[in-house]
Asks: 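Would you mind keeping the following structure in view while I ask a few things?
Numbered from 1 within each chain, the chains take letters A, B, ... in sequence-line order.
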Number of protein chains: 2
Amino acid sequence: MSKSGTKVLNALERVGGFASAQELHLVLKRNQESIGLTTVYRALQTLVADKSVDLLRREDGEAIYRLCGDAHHHHLVCKNCGKTVEIEGGVIEKWAQKSGDEHGFRDIGHTAEIFGICSDC
Amino acid sequence: MSKSGTKVLNALERVGGFASAQELHLVLKRNQESIGLTTVYRALQTLVADKSVDLLRREDGEAIYRLCGDAHHHHLVCKNCGKTVEIEGGVIEKWAQKSGDEHGFRDIGHTAEIFGICSDC
DNA sequence: TTTGAAAATGACAACCATTTCCATTTCTGC
DNA sequence: GCAGAAATGGAAATGGTTGTCATTTTCAAA
């Protein structure tokens with residue numbers, strides 16, 4: 001793990017939720033951590049590839065990131081306030097595997113997100 | 001409904017699925033329909049506000065649109081050659097709705113894609 | 001310790017979807 | 001036909017994200 005990767009992870013822990021790359025960059029700057037915006041983006045790309053961090057999208061298309069546990073799960077996200085609930089997705093795993101099998105695909109993976117408006121909004 | 005709104009709706013029908021604003025603009029140009037990109041964007045904004053069209057996001061953040069009431073389906077995509085199969089997703093609809101309900105969310109929507117390697121690759 | 005190649009870094013420029021601006025054209029009611 | 005409102009579209013601006021490339025750091029081998 002590069003020095004920057006660690007810094008970005010720490011920043012993500014500190015904000016404790018979603019943050020865009022630009023927001024993380026600001027947090028780090030405020031904390032006297034010298035780091036370039038480009039490096040933040042690169043560190044995030046690596047972390048996402050390593051599955052240490054989740055990548056989602058705000059409604060306006062901006063990428064937002066957050067720490068993610070190891071277990072494969074899905075998210076229910078409020079389109080308004082960003083509140084997030086982790087959802088068990090066994091049904092989806094089976095559906096993806098079955099659909100892939102039926103069409104002769106192998107190395108099946110999938111993505112799935114649910115969004116809506118939460119009870120507080 | 002403005003003239004442009006009609007053209008954009010027709011284009012959406014013609015492509016029969018998801019399309020980005022830029023793709024729709026291309027489709028219209030190819031069909032000898034003179035229309036500006038700006039106008040396509042404006043028409044889409046209006047159609048989304050009217051709930052005639054759904055707005056979703058590609059993985060890269062680009063906005064994609066589809067007619068409301070279109071049969072909602074999902075895609076099985078080959079990571080290697082791009083071959084795509086349309087998948088029925090009733091299971092997912094129910095899963096998304098149920099998960100949303102359980103946590104008090106309303107206006108539930110979802111995205112789901114399956115990817116893998118097809119039999120030809 | 002020195003060295004040299006590979007990886008990491010960051011300022012800056014490039015990219016591209018989307019929006020804003022504004023001048024021109026088209027529509028609508030009178 | 002006329003005036004005002006709405007629609008249109010080309011050009012420029014915006015803003016998140018990625019590419020470029022020269023410089024710095026890391027680190028293992030000599």
Asks: Using a cut-off of less than 4.0 Å, is there contact between a side-chain N or O of B:Ser2 and OP1 or OP2 of D:dA7?
Replies: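 Answer is no, no contact under 4.0 Å.
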
Asks: Please confirm whether B:Arg66 makes a cation-pi placement over B:Phe18, using NZ or CZ under 6.0 Å from the six-membered ring centre and within 45° of the ring normal.
Replies: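 No cation-pi geometry.
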
Asks: In whole angstrom, what separates B:Glu59's CD from D:dT17's C1'?
Replies: 16 Å

Asks: Determine the contact category for A:Ser4: base if any of its heavy atoms lies under 4.0 Å from a base atom, sugar-phosphate if only primed atoms, P, OP1 or OP2 are that close, otherwise nothing.
Replies: sugar-phosphate

Asks: Check this one for me: any side-chain N or O of B:Lys3 less than 4.0 Å away from OP1 or OP2 of C:dC27?
Replies: yes

Asks: Does B:Ala63 or A:Lys7 map to a spot on DNA chain C nearer the 5' end, using the closest nucleotide for each?
Replies: A:Lys7

Asks: Pick the nucleotide of DNA chain C nearest each of B:Leu37 and B:Arg42; which residue has the one closer to the 5' end?
Replies: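 By nearest-heavy-atom nucleotide position, the 5'-most residue is B:Leu37.
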
Asks: Consider the side chain of B:Gln22, meaning its heavy atoms from C-beta on, and name the nucleotide among D:dG9, C:dA17, C:dG10 that approaches it most closely.
Replies: C:dA17

Asks: Looking at every strand, decide which applies to B:Thr38 at a 4.0 Å heavy-atom threshold: base, sugar-phosphate, or nothing.
Replies: base

Asks: To the closest 0.5 Å, what do you measure between NZ (A:Lys7) and CG (A:Leu24)?
Replies: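 Taking NZ in A:Lys7 and CG in A:Leu24, the distance rounds to 13.5 Å.
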
Asks: Identify whether B:Tyr41 and B:Val27 are in the same connected component of the hydrophobic contact network (ILVMFWY, side-chain heavy atoms under 4.5 Å).
Replies: no

Asks: How many whole angstroms separate atom CD of A:Glu23 from atom P of D:dG15?
Replies: 15 Å

